[in-house]
There are 2 protein chains.
Amino acid sequence: MAQRNKLKFIILGLLSEKELTGYDITKAFDSDIGEFWSANHSQIYPLLKRLEDDQLISHRLTITGEKLEKKVYSITDQGAKELNQWIGEPTPALSATKDEFILKLYFIRKNNDPRLAPMLTEQLNLHKNKLIHLQQQMEKKFHNQSDKNNFGHFLILQHAIQRENGYTNWLIETIQGLKSK
Amino acid sequence: MAQRNKLKFIILGLLSEKELTGYDITKAFDSDIGEFWSANHSQIYPLLKRLEDDQLISHRLTITGEKLEKKVYSITDQGAKELNQWIGEPTPALSATKDEFILKLYFIRKNNDPRLAPMLTEQLNLHKNKLIHLQQQMEKKFHNQSDKNNFGHFLILQHAIQRENGYTNWLIETIQGLKSK
DNA sequence: TTTATACATGTATTTATTTACATGTTTTAT
DNA sequence: ATAAAACATGTAAATAAATACATGTATAAA
């Protein structure tokens, strides 16, 4: 599904906290943001250029070592304005969660299909690992009390943990249900 | 995120149950399949043509009324083979769940941001309605005992209900948490 | 010291997806 | 009878996103 330019707002959002290079932004999708969005550097670099043309961000050059040039991007007032406008807008659409495993499951008609157990077990492993990873993130970033300056991040981590917990429980119960037949 | 041709398998999967027109397939995304995937007719019609070129499906013409032509598509043996191969393959990737609301939440830093309560309430309404809709679907399609010939569909409905239940509970608790401050 | 890995930034190509354009028929409600 | 809604099938254009191509630097490990 071609999203309506959410990536633009992700970049603005990341830059609203601190200045970053294109590489930093790319890396963000391997950690935090990666829990709920994905993007490649080949999409990010051209978009940075476009956002700068639109005066939503600007950059300055720095040199690392002898000659490695970095473009460090910052958000402009106009960029911050657009970001906050987007956040404040209603979010009425509940987009379909495109989960390939669920899709495959839909086309399995019989409860004695021999592929069911291995499929469910594979997913259980994946979601268990994801849950562990999320719990570690939570521990690492919000150990005892919640960081007052990243409340949204705390909430989405909490939500993701809750979701993966539910997912694994459903998988476990479904696997149990298969065995008792 | 441009998916790796999942739509192809959705079409094959739908046709593996019964023959359908392009219009029928388009409609499927408004109901069942729509819970976890989306597609427009402008994507479906050209793909039907391509799948027929690849001999995974075939069609016959029928006339409704005086002259309304319909192309009724069926899956071929080769198509069924590819479908089952896909279902049997591992599904190792856990794709990011692209949820615009969660994205916005991530960029809210302060727990006293005035936008939080209305945002959470809006989502609570959406997810409550979705939950009700899913429960109605479950009641309608699998009333007393589960249909033995649509076990996968039963499972994904169960999973979706579980997920929306968790989502609404999390929203309710988060809204409660905001008030007690 | 050399090698692997991470840092850093781009472009090109292909594919996926959305929105809009375009046309006509049949059925149902008024 | 007529109008609205649903049925039915396409194409065009724009945007989003993935994969592959392309190049070079800095740092950490062996």
Side-chain angles (χ1 to χ4, degrees), chain A residues 1-11 14 19-31 33-34 36-54 57 59-73 93 95-98 100 103, chain B residues 1-11 14 19-31 33-34 36-54 57 59-73 92-98 100 103:
Chain A
M1 177 178 27
Q3 306 286 337
R4 278 300 295 137
N5 222 357
K6 309 287 162 54
L7 187 55
K8 165 179 168 177
F9 297 108
I10 296 175
I11 291 176
L14 289 171
E19 52 175 28
L20 296 166
T21 65
Y23 189 82
D24 294 332
I25 292 168
T26 304
K27 287 281 117 173
F29 288 91
D30 294 337
S31 52
I33 293 268
F36 53 95
W37 215 270
S38 62
N40 300 97
H41 80 273
S42 60
Q43 205 185 346
I44 290 165
Y45 285 109
L47 185 50
L48 283 169
K49 201 165 276 179
R50 213 195 80 201
L51 294 178
E52 190 159 35
D53 286 346
D54 295 347
I57 62 176
H59 83 269
R60 63 186 176 82
L61 274 176
T62 61
I63 303 285
T64 300
E66 285 293 298
K67 50 179 157 175
L68 183 61
E69 284 194 346
K70 288 194 220 180
K71 291 183 179 174
V72 185
Y73 287 93
S95 55
T97 56
K98 296 190 167 184
E100 187 176 1
L103 200 52
Chain B
M1 177 178 29
Q3 307 285 337
R4 277 296 295 135
N5 222 358
K6 308 287 162 53
L7 187 56
K8 166 179 167 178
F9 297 108
I10 296 175
I11 291 176
L14 288 171
E19 53 175 29
L20 296 165
T21 66
Y23 190 83
D24 294 332
I25 292 168
T26 303
K27 286 281 117 173
F29 288 91
D30 294 337
S31 52
I33 293 269
F36 53 95
W37 214 269
S38 61
N40 300 97
H41 80 274
S42 60
Q43 204 184 350
I44 290 164
Y45 285 109
L47 185 50
L48 283 169
K49 201 165 275 180
R50 213 194 82 201
L51 294 178
E52 190 159 36
D53 285 346
D54 295 347
I57 62 175
H59 82 270
R60 62 186 176 81
L61 276 176
T62 60
I63 302 284
T64 300
E66 284 294 299
K67 50 179 160 175
L68 184 62
E69 284 195 346
K70 288 194 218 181
K71 290 183 179 175
V72 184
Y73 287 92
L94 245 46
S95 56
T97 56
K98 295 190 167 183
E100 187 175 0
L103 199 53

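Keep in mind that what you see is a predicted model, and the values were worked out from it rather than measured.
Distances shorter than 4.0 Å separate some side-chain N or O of B:Lys49 from OP1 or OP2 on D:dT11. Side-chain nitrogen and oxygen atoms of A:Asn40 include none within less than 4.0 Å of the OP1 or OP2 phosphate oxygen of D:dA17.
Taken to the nearest 0.5 Å, the CZ atom of A:Phe9 stands 10.0 Å off from the CG atom of B:Leu103. With values rounded to the nearest 0.5 angstrom, A:Tyr73 atom OH is found 8.0 Å from A:Ile25 atom CD1. Put simply, CG on B:Leu20 and NZ on B:Lys71 are 15.5 Å apart, with the number rounded to the nearest 0.5 Å. Taking CD1 of A:Ile57 as the reference point, atom CG of A:Leu14 lies at 11.0 Å (rounded to 0.5 Å). The OG1 atom of B:Thr26 sits 3.5 Å away from atom CD1 of B:Ile44, with the distance rounded to the nearest 0.5 Å.
Here D:dG10 presents its C1' atom at 13 Å from NE2 of B:His59, a figure rounded to the nearest Å. For B:Leu48 and D:dT11, the CG to C1' distance is 15 Å, given to the nearest whole Å. Residue A:Lys6 contributes atom NZ, which lies 13 Å from atom C1' of D:dT15 at whole-angstrom precision. The distance between atom CD of B:Gln43 and atom C1' of D:dA13, rounded to the nearest whole Å, is 15 Å. Between B:Ile44 atom CD1 and C:dT17 atom C1' the separation is 11 Å, expressed in whole Å. In this entry the distance linking CD1 of B:Ile25 with P of D:dG10 reads 11 Å, nearest Å. Taking atom CH2 on B:Trp37 and atom P on C:dA16, their separation rounds to 11 Å, with Å as the unit. Rounding to whole angstrom units, CG of residue B:Leu61 and C1' of D:dG10 are separated by 14 Å.
Closest to the A:Ser42 side chain, of the nucleotides D:dT19, C:dA20, C:dT17, is D:dT19.
B:Phe36 places a side-chain heavy atom less than 4.5 Å from the side chain of B:Ile33. Residues B:Lys98 and A:Lys6 fail the side-chain proximity criterion, which asks for heavy atoms closer than 4.5 Å.
Each end of the helix from C:dT1-D:dA30 to C:dT30-D:dA1 gets its own axis, taken as the rotation carrying the C1' atoms of four end pairs onto the next four within a five-pair window, and the two axes meet at 40° to the nearest 10 degrees.
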Only distances under 3.5 Å count here; give the side-chain donor-acceptor pairs of residues 45-52 of chain B to other protein atoms, sequence neighbours excluded, each with its distance to 0.1 Å.
unit_1	atom_1	unit_2	atom_2	d
B:Tyr45	OH	B:Tyr23	N	3.4
B:Glu52	OE1	B:His59	ND1	2.9
B:Glu52	OE2	B:His59	N	2.9
B:Glu52	OE2	B:His59	ND1	2.8

Produce a footprint string for nucleotides 21-27 of chain D: one letter per nucleotide, 5' end first; B if the base is under 4.0 Å from any protein heavy atom, S if only the sugar-phosphate is, - if neither. ---BSS-

